[in-house]
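In what follows, a single structure is set out as structure tokens and then discussed.
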Amino acid sequence: IFSLKKIDDDFWASLEESLIEGDVGVDYTLRLIDELKRLKPSSPEEAKELLKERLLSLFNYEIPPWVFEPSSKPEVIIFAGVNGSGKTTTVAKVGRMLSRRGFSVILSACDTFRAAAGEQLEIWGERLNLRVIKGEPGSDPGAVLYDALSSALSKGVDYVLVDTAGRLHTKYNLMEELKKLGRVAQKAVGRSPRGVLVLDATTGQNALRQAQEFSKSVPIEGVVLAKYDSMAKGGVVITLRGELGLPIILVGTGEGEDDIETFSPNEFLKRLLS
Amino acid sequence: RLRERFEGILSLLRRKGKLSEEDVDNALRQIRLALLEADVHYKVVKDLLSKVREKALKEEVLSSISPADQVLKILYEELVGVMKGGAPRLSSSSEPPSLYMLVGLQGSGKTTTAVKLAKLLKKDGKRVVLVAADVKRPAAKEQLETLSKPLDFQVVGGKTPFDAVSSGIRLAKERLCEAIIVDSAGRLHIDEEMLSELRELEKQFNFQEILLVVDSMMGQEALKVGSAFAEAVNLTGVILTKLDGDARGGAALSMSYVLGKPIRFVGVGERIDDLEPFYPDRIVSRILG
Ligand SMILES: Nc1nc2c(ncn2[C@@H]2O[C@H](COP(=O)(O)OP(=O)(O)OP(=O)(O)O)[C@@H](O)[C@H]2O)c(=O)[nH]1
Ligand SMILES: Nc1nc2c(ncn2[C@@H]2O[C@H](COP(=O)(O)OP(=O)(O)OP(=O)(O)O)[C@@H](O)[C@H]2O)c(=O)[nH]1
Ligand SMILES: [Mg+2]
Ligand SMILES: [Mg+2]
């Protein structure tokens with residue numbers, strides 16, 4: 001759109017479509033365009049620069065330090081999200097990333113519900129030489145977490161990464177189970193765990209509902225945008241940041257153990273505004 | 001918000017006696033935003049609403065007794081028309097065993113749906129072989145095995161998807177099974193190599209049906225995803241999953257529009273029983289909030 005010749009109605013219509021197509025959502029798209037119109041850009045290039053500046057200011061935050069080193073030992077991170085979003089694979093990738101940095105890591109296989117969930121994480125653990133604590137299928141996820149945390153505390157482990165079962169935020173009892181998991185962590189290590197929402201980059205406007213509801217069950221302190229290699233724009237994160245103040249911390253860029261990067265606002269905007 | 005928009009449109013239109021062209025355009029503007037909020041692709045919205053506009057601007061609609069309801073009826077019918085349901089049962093090949101394959105993006109629900117379909121076939125008295133053609137994902141075969149254990153289905157795998165399908169066909173013939181369901185690996189619609197793999201599988205084997213499994217919470221990407229998979233293989237239908245959530249499901253409309261293929265089933269939960277036939281009017285009501 002920005003290669004169009006001038007600012008006219010066609011330009012604004014194309015810009016609106018481009019943002020909508022990037023899953024930015026109606027509210028934010030109309031808001032951004034409205035703000036942009038008031039700044040009276042004289043050319044499409046200037047409009048692009050202004051929009052970029054506006055969005056960069058929204059993403060002007062530090063990646064939380066606990067992503068790079070534990071604020072206290074063990075740093076407990078609960079990975080939550082809807083079914084199939086990429087949690088288990090993300091837990092493996094983050095485990096690998098941290099262990100390559102020299103930190104000790106335990107992966108807690110707290111999905112005791114889904115078929116072969118424990119096996120899936122166990123295979124990752126073997127491949128990456130990461131310790132996995134799992135329980136019997138059908139056992140209480142809280143009990144598995146308790147074991148993982150006891151072991152982490154006694155061994156002075158730096159990170160406990162908690163893989164949880166996929167769950168739709170519309171299911172009350174599953175959201176209560178997640179709350180209980182947070183309480184187990186709180187009780188065992190004396191402080192609240194970090195909640196991370198794993199979000200599929202191809203998700204549409206339901207992402208906002210997911211973030212809102214999951215935040216009620218566990219303190220969501222960051223979002224991992226998985227499957228960003230799908231080339232989806234992931235525009236929903238603008239609303240997650242703007243409305244809920246959530247930082248996007250990591251981006252999943254494939255199915256391999258090293259396919260994870262820290263979130264780069266510049267890369268994100270480059271794709272969104274391309 | 002979606003609900004507010006529609007109630008706003010309705011009350012606005014209902015207050016008027018006869019509708020003017022401007023009234024219809026104002027209403028369509030709101031309807032457009034509502035559909036976009038529901039994740040329907042903007043190109044699909046544009047095309048469908050221009051059709052609605054054309055029909056709504058007919059004199060008999062504008063000066064009918066309740067033009068507002070007329071316009072909404074036209075909208076509703078236009079959307080339902082795009083989403084004609086297909087047969088909520090798998091078609092059978094003239095010569096058994098019938099070979100079916102599920103394809104789609106990572107995490108869309110293929111493995112779970114494969115066993116759901118197997119159970120459906122079993123209810124119809126058919127014997128089913130499940131093929132674990134996902135040789136990449138850790139514990140993919142174990143997942144199929146664990147899910148199908150209570151129903152006692154045979155699960156076969158292989159070193160490659162081609163080996164797995166061949167083994168599945170061989171076993172089905174030996175055991176006189178009427179159906180083979182192939183669970184394939186999740187893949188990106190932009191992964192040329194993985195799409196070629198599907199093309200090769202289609203060339204090598206005679207599939208009775210190839211169904212695209214789509215997560216109902218997908219956003220604008222639905223249009224690209226649908227066309228890419230449809231271009232790679234001859235899809236016979238779509239299965240929409242996770243409808244037990246609260247996603248509006250606009251991706252369903254985009255998919256139907258771009259594929260021209262029917263949505264056959266919907267996944268409404270994680271259990272093997274959680275598969276239902278697709279009803280177009282239900283999803284349209286859901287999209288319209
Ligand atoms: N292309 C791509 N695929 C990914 C990425 N992250 C995860 N996946 C794939 O997405 C699928 C689902 O990943 P999982 O890690 O099992 O997702 P999950 O959230 O744990 O799923 P449930 O536990 O069933 O809710 C797998 O096929 C992964 O390989 C990513 O960043 N890119
Ligand atoms: N709530 C709900 N969950 C579902 C539904 N269908 C599948 N799931 C869940 O979604 C997650 C992903 O399902 P899978 O069957 O592993 O998806 P997949 O497409 O095989 O994933 P990949 O093989 O990694 O591409 C699992 O947690 C399933 O239990 C559904 O209709 N409703
Ligand atoms: Mg998982
Ligand atoms: Mg699978």
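What you see is a predicted model, and the numbers here were worked out from it, not measured in a lab. Chain identifiers are assigned alphabetically (A, B, ...) following the order of the sequence lines, protein sequences preceding nucleic acid strands; residue numbering begins at 1 within each chain.
For chain A, the nearby parts of B:Asp244 are the backbone and the side chain; heavy atoms of each come within less than 4.5 Å. Both the backbone and the side chain of B:Leu36 have a heavy atom closer than 4.5 Å to some heavy atom of chain A. Of the two parts of B:Lys46, only the side chain, counted from C-beta on, holds a non-hydrogen atom closer than 4.5 Å to a non-hydrogen atom of chain A. B:Glu270 touches chain A through its side chain: at least one heavy atom from C-beta onward sits under 4.5 Å away, while N, CA, C and O do not. Using a 4.5 Å cut-off between heavy atoms, B:Asp246 contacts chain A through both its backbone and its side chain. Heavy atoms of B:Arg32 lying under 4.5 Å from chain A belong exclusively to its side chain. Of the atoms belonging to A:Glu122, not a single heavy atom falls under 4.5 Å from chain B. Contacts between A:Val236 and chain B at a heavy-atom distance below 4.5 Å are absent for every atom of the residue.
Highest contact tally toward chain B, considering only A:Met231, A:Arg114, A:Gln205, A:Glu21, is held by A:Glu21 [criterion: heavy-atom pairs under 4.5 Å]. Of the residues considered (A:Glu119, A:Arg127, A:Arg209), A:Arg209 shows the highest number of contacts with chain B, using heavy-atom pairs under 4.5 Å. Per-residue heavy-atom pair counts under 4.5 Å with chain A were compared for B:Pro138, B:Ser216, B:Ser108, B:Gly107, and the maximum is reached by B:Pro138. Heavy-atom pairs under 4.5 Å with chain B peak, among A:Leu121, A:Ile123, A:Thr89, A:Asp23, at A:Asp23. Heavy-atom pairs under 4.5 Å with chain A were tallied for B:Thr146, B:Asp215, B:Leu188, B:Asp191; the largest tally goes to B:Leu188.
Scanning residues 217-227 of chain B against chain A with a 4.5 Å heavy-atom cutoff picks out B:Met217, B:Met218, B:Gly219, B:Gln220, B:Glu221, B:Lys224, ordered by number.
Cation-pi geometry between B:Lys122 and B:Phe153 is met: the NZ or CZ atom falls under 6.0 Å from the ring centre, inside 45° of the normal. In this structure, A:Arg167 is not positioned above the aromatic face of A:Phe113 in the sense of NZ or CZ being under 6.0 Å from the six-membered ring centre and within 45° of the axis.
A salt bridge does not link B:Lys43 with A:Glu17: none of the charged nitrogens is closer than 4.0 Å to a carboxylate oxygen. Taking a cutoff of 4.0 Å between a charged side-chain nitrogen and a carboxylate oxygen, B:Lys116 and B:Asp274 do not qualify as a salt bridge. Using a 4.0 Å cut-off between charged side-chain N and carboxylate O, B:Arg199 and B:Glu231 make a salt bridge. Looking at A:Asp111 and A:Lys87, no side-chain N of the basic residue comes within less than 4.0 Å of a carboxylate O on the acidic one, giving no salt bridge.
A 4.5 Å side-chain heavy-atom check between B:Leu28 and B:Ile31 finds at least one atom pair inside the cut-off. Taking 4.5 Å as the limit, every side-chain heavy atom of A:Asn83 sits out of range of all side-chain heavy atoms of B:Thr241.
Heavy atoms of other residues, nucleotides or ligands lying less than 6.0 angstrom from CG of A:Asp9 number 12 at most. Summarising the local packing, CG of A:Asn129 is surrounded by 12 or fewer heavy atoms from other residues, nucleotides or ligands at distances under 6.0 Å.
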**Message:** Using side-chain contact (heavy atoms from CB on, under 4.5 Å), reason through B:Val268 and B:Leu275 one step at a time and then give a plain yes or no.
**Reply:** CA-CA 6 Å; B:Val268 294; B:Leu275 190 72; over 6 Å; no
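Residues satisfying the ring pair (Phe, Tyr, Trp, His ring centres under 6.0 Å) criterion with A:Phe268, sequence neighbours excluded, are A:Phe59, A:Phe263.
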